[in-house]
Every structure is written in C-alpha cells, then in structure tokens.
Visitor: 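The structure that follows is given in the form of structure tokens.
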Amino acid sequence: MKDLASPTVLGPGLAVLRAANPSQMTLEGTNSYLLFDVHATLGSGSPVVLIDPGPDLEEHLAALAAHRVVLVLITHRHADHTGGIDRLHRLTNAPVRALLPEHCRDAAPLSDREVIDAAGVRLQVLTTPGHTSDSVCFLRQDAPGLFTGDTILGRGTTILEHPDGTLVDYLDSLQRLAGLPDLPLHPAHGPQHAGSHALIAAYRQHREQRLEQVRAGLRALGKAGAHATPAELLDLVYPDLDPRLVGAATHSLEAQLHYLAINS
C-alpha cells in the first residue's frame with residue numbers, strides 16, 4: 001500500500017497538508033490545516049480540528065482521517081475546499097460546520113464572532129465576505145494565528161466572484177482583518193506568512209490600483225461616469241492576461257464596475 005502523505009508541522013499545535021490539486025486558481029494546491037493543543041504532539045492520538053478538507057481526493061482525505069479529527073470547519077463553498085466533506089465525514093464521523101447550512105454535517109452553521117472550543121483549540125469566527133458571500137476567517141485565540149481561506153492568499157491576489165462576492169464587502173473585510181493584531185497568516189493557497197498586516201496592506205493597495213486602472217480605462221473609452229462592459233475593459237486593465245484567467249478577471253471587473261457605480 002502506498003504510504004500516505006504526512007502533514008507538515010508548522011509550530012506548536014499546528015500542521016498543514018497540501019492537496020494534490022495545483023492549478024492557476026489553487027496555486028500549489030489547497031492547504032488543509034490540522035489544529036491541536038499546543039502541548040500535544042500530532043500523531044499521538046490527540047484530537048484535532050481540521051480547517052478545509054479540500055477536494056475529493058482519496059489519498060489526501062485518508063491522510064487527514066489518519067488523525068483524530070473531532071471537528072471540521074469550512075472557510076467557503078468552493079469545491080476545492082468542500083469537495084471532500086462527505087468522504088471525510090464518513091471516515092471520521094466528525095461534525096462539519098460552515099456558514100452555509102448545505103455544507104454542514106451533524107452540526108449548526110457558523111455565526112459571526114462565535115467562539116469555538118474543541119480539541120484544546122479556541123477559534124473565533126469572523127465573517128469576511130467578498131471572495132464569496134459565505135467566506136469566513138478563523139482567528140486562533142489560544143495561540144496566535146489567522147486562517148484566511150481564499151480571502152487572502154499566500155501569493156498573488158484572490159478573485160471576487162461577482163455578484164455573489166462584491167468589492168464593497170471585500171474592502172470592508174480587509175479593513176476588519178487589518179484591525180486585528182499582526183498575526184501569523186495561514187492561507188488556503190500558497191505559502192505561510194509570519195505577519196498579516198503587511199500582506200493586508202498590499203491587498204488593499206492592489207485593489208485601489210485596480211480601481212484606478214478601471215477609471216483610466218473608462219476615460220479611454222469615453223465612458224467615464226457611464227456604463228461599460230468587462231469585455232470592453234479587459235485588454236485595457238489586463239493587457240498581458242493569461243487566457244486561462246479571463247473568467248476570473250471578468251468577475252473582478254464586474255465587481256470593480258459595480259463598486260464604482262454605487263460610489264460615483
């Protein structure tokens with residue numbers, strides 16, 4: 001039998017296992033996080049809380065289920081985070097909690113500011129819509145850490161799935177996260193970060209730069225203050241766009257145009 005992948009221990013009470021689902025959108029793959037008591041050792045039989053089971057990949061889910069998972073938490077609805085819910089639930093019998101009821105198993109939906117105590121871990125739920133309307137982050141309170149799902153990635157920037165996700169909501173979410181202490185940041189895709197503030201500031205600056213590019217594109221089209229379509233702006237705002245990212249860029253342009261329309 002093929003050996004199962006082993007999670008990488010990042011520090012006391014925290015390990016990560018990356019799913020084998022790399023792509024333009026998922027970067028190296030989806031990060032599934034195993035959280036446990038800071039005084040325990042992973043693999044010793046201590047209970048763990050799992051953030052994002054990831055896609056429906058048998059080897060990945062079996063490697064997660066090799067640990068004593070007592071609770072599964074979901075950052076948002078996309079399949080690269082939720083696809084493995086049912087298989088992992090069968091393997092572990094652990095309840096699954098998400099903001100949307102359809103992703104919950106044997107447990108109630110999450111609520112904003114709720115504090116969860118499980119497996120020697122304390123987490124606070126923070127709703128952070130924008131990437132999707134159901135996006136949440138988890139603030140670890142027993143040990144410093146911020147788990148951001150796709151709200152903030154470890155590399156690059158996230159898409160806004162307009163109209164479900166809006167730039168208005170996303171900027172509010174970034175402001176909410178910026179108001180927290182500077183914390184180790186653990187994204188659902190990409191590398192870990194020792195601090196959150198610098199990355200959040202870069203994300204906010206990037207959004208402001210994109211808005212200015214859209215404004216410039218509207219002026220070039222002679223449609224400042226009027227309507228334009230994402231297709232008209234695509235080459236102006238994203239002149240060197242990888243064709244595989246046209247859909248994501250279109251969603252972002254829709255979100256930016258919506259933002260400008262309601263803030264003009």
Visitor: For residues Tyr259 and Leu211, determine if any side-chain heavy atom of one lies less than 4.5 Å from a side-chain heavy atom of the other.
Guide: yes
Visitor: Is Val96 close to Ile74 at the side-chain level, that is, under 4.5 Å between some pair of heavy atoms?
Guide: yes
Visitor: Are side-chain N/O atoms of His189 and Asp80 paired as donor and acceptor at under 3.5 Å?
Guide: yes
Visitor: Within the 4.5 Å heavy-atom criterion, are Phe36 and Thr41 side-chain neighbours or not?
Guide: no
Visitor: Verify side chain to side chain contact (heavy atoms under 4.5 Å, CB included) between Glu114 and Arg97, making sure each step is shown before the conclusion.
Guide: CA-CA 12 Å; Glu114 174 187 3; Arg97 301 192 64 194; 2.6 Å; yes
Visitor: Output yes when Arg122 and Asp117 qualify as a salt bridge under the 4.0 Å nitrogen-oxygen rule, no when they do not.
Guide: yes
Visitor: Hey, what do you get for CG (Leu253) to CZ (Arg210), rounding to the nearest 0.5 Å?
Guide: 8.5 Å
Visitor: Specify the closest pair of heavy atoms between Pro187 and Thr148, including all atoms of both residues, with the distance to one decimal.
Guide: CA-OG1, 3.5 Å
Visitor: Considering only NZ, NE, NH1 and NH2 on the basic side and carboxylate oxygens on the acidic side, decide whether Asp164 and Arg77 come within less than 4.0 Å.
Guide: yes
Visitor: Taking C-beta and beyond as the side chain, do His131 and Glu161 meet within less than 4.5 Å on heavy atoms?
Guide: no
Visitor: Apply the test side chain to side chain contact (heavy atoms under 4.5 Å, CB included) to residues His103 and Ile85: give CA-CA distance (whole Å), side-chain angles for both, the deciding distance (0.1 Å), then the verdict.
Guide: CA-CA 8 Å; His103 296 308; Ile85 285 176; 4.0 Å; yes
Visitor: Under 4.5 Å between side-chain heavy atoms, hopping through other hydrophobics if needed: is there a path connecting Leu241 to Leu236?
Guide: yes
Visitor: Indicate yes or no: at least one non-hydrogen side-chain atom of Val125 is less than 4.5 angstrom from one of Phe138.
Guide: yes
Visitor: Kindly indicate whether the side chain of Tyr238, heavy atoms from C-beta on, has any atom under 4.5 Å from the side chain of Ser252.
Guide: yes
Visitor: Any chance you could measure Asp52, atom CG, to Leu50, atom CG, to the nearest 0.5 Å?
Guide: 7.5 Å
Visitor: For Arg219, is there an ion pair with Glu212 - N to carboxylate O distance below 4.0 angstrom?
Guide: yes
Visitor: Roughly how far apart are His60 NE2 and Thr30 OG1, rounded to 0.5 Å?
Guide: 7.0 Å
Visitor: To the nearest 0.5 Å, how far apart are CD in Glu208 and CG in Leu171?
Guide: 6.5 Å
Visitor: Give the table of side-chain donor-acceptor pairs shorter than 3.5 Å for residues 22-29, with sequence neighbours excluded, one pair per line with atom names and distance.
Guide:
from	atom 1	to	atom 2	distance (Å)
Ser23	OG	Met25	N	3.2
Ser23	OG	Thr26	N	3.0
Ser23	OG	Thr26	OG1	2.8
Thr26	OG1	Asn21	O	2.5
Thr26	OG1	Ser23	N	3.0
Glu28	OE2	Arg155	NH1	2.8

Visitor: Please report the closest heavy-atom contact between Pro55 and Ala19, naming both atoms and the distance.
Guide: CD-CB, 3.7 Å
Visitor: Who else is in the cluster with Leu100 when I, L, V, M, F, W and Y are joined by side-chain contacts under 4.5 Å?
Guide: none
Visitor: Hey, are the side chains of Ser173 and Ser135 touching, using non-hydrogen atoms and a 4.5 Å cut-off?
Guide: no
Visitor: How close do Leu185 and Gly195 get, counting heavy atoms only, and between which atoms?
Guide: CB-O, 4.3 Å
Visitor: If I take atom OG1 from residue Thr132 and atom CG from residue Leu160, how far apart are they, to the nearest 0.5 angstrom?
Guide: 10.0 Å
Visitor: Would you compute the distance between atom OH of Tyr170 and atom CD of Gln256 and round it to the nearest 0.5 angstrom?
Guide: 12.0 Å
Visitor: Can you see which heavy atom on Gly190 is nearest to which on Asn31, and at what distance?
Guide: O-ND2, 3.1 Å
Visitor: With sequence neighbours excluded, what pairs up with Arg176 under the salt bridge (Lys or Arg N to Asp or Glu O under 4.0 Å) test?
Guide: Asp112
Visitor: In a table with atom names and distances, give each donor-acceptor pair under 3.5 Å that connects a side chain of residues 5-17 to protein atoms at least two apart or in another chain.
Guide:
none

Visitor: Enumerate the residue pairs fulfilling salt bridge (Lys or Arg N to Asp or Glu O under 4.0 Å) with a member in residues 188-198, sequence neighbours excluded, ordered by first and then second residue.
Guide: none
Visitor: Write down the atom of Leu233, the atom of Ala228, and the distance for their closest heavy-atom approach.
Guide: CD1-CB, 4.3 Å
Visitor: Report yes if some heavy atom in the side chain of Cys137 is under 4.5 Å from a heavy atom in the side chain of Thr75; otherwise report no.
Guide: no
Visitor: Checking side chain to side chain contact (heavy atoms under 4.5 Å, CB included) for the pair Val48/Leu35: CA distance, chi angles, key distance, verdict?
Guide: CA-CA 5 Å; Val48 301; Leu35 286 65; over 6 Å; no
Visitor: Specify the closest pair of heavy atoms between Ala248 and Ile159, including all atoms of both residues, with the distance to one decimal.
Guide: CB-CG2, 3.3 Å
Visitor: Taking the side chain from Asp134 and the backbone from Leu99, do they hold a donor-acceptor pair closer than 3.5 Å?
Guide: no
Visitor: Tell me which donor-acceptor pairs under 3.5 Å the side chains of residues 198-207 have, and how far apart each pair is, sequence neighbours excluded?
Guide:
from	atom 1	to	atom 2	distance (Å)
Tyr203	OH	Leu153	N	2.8
Tyr203	OH	Gly156	O	2.8
Arg207	NH2	Thr158	O	2.5

Visitor: Can you confirm whether the side chains of His81 and Asp150 place a donor and an acceptor under 3.5 Å from each other?
Guide: yes
Visitor: Could you walk me through whether Ile116 and Leu73 pass the side chain to side chain contact (heavy atoms under 4.5 Å, CB included) test, one step at a time?
Guide: CA-CA 10 Å; Ile116 297 169; Leu73 301 174; 3.9 Å; yes
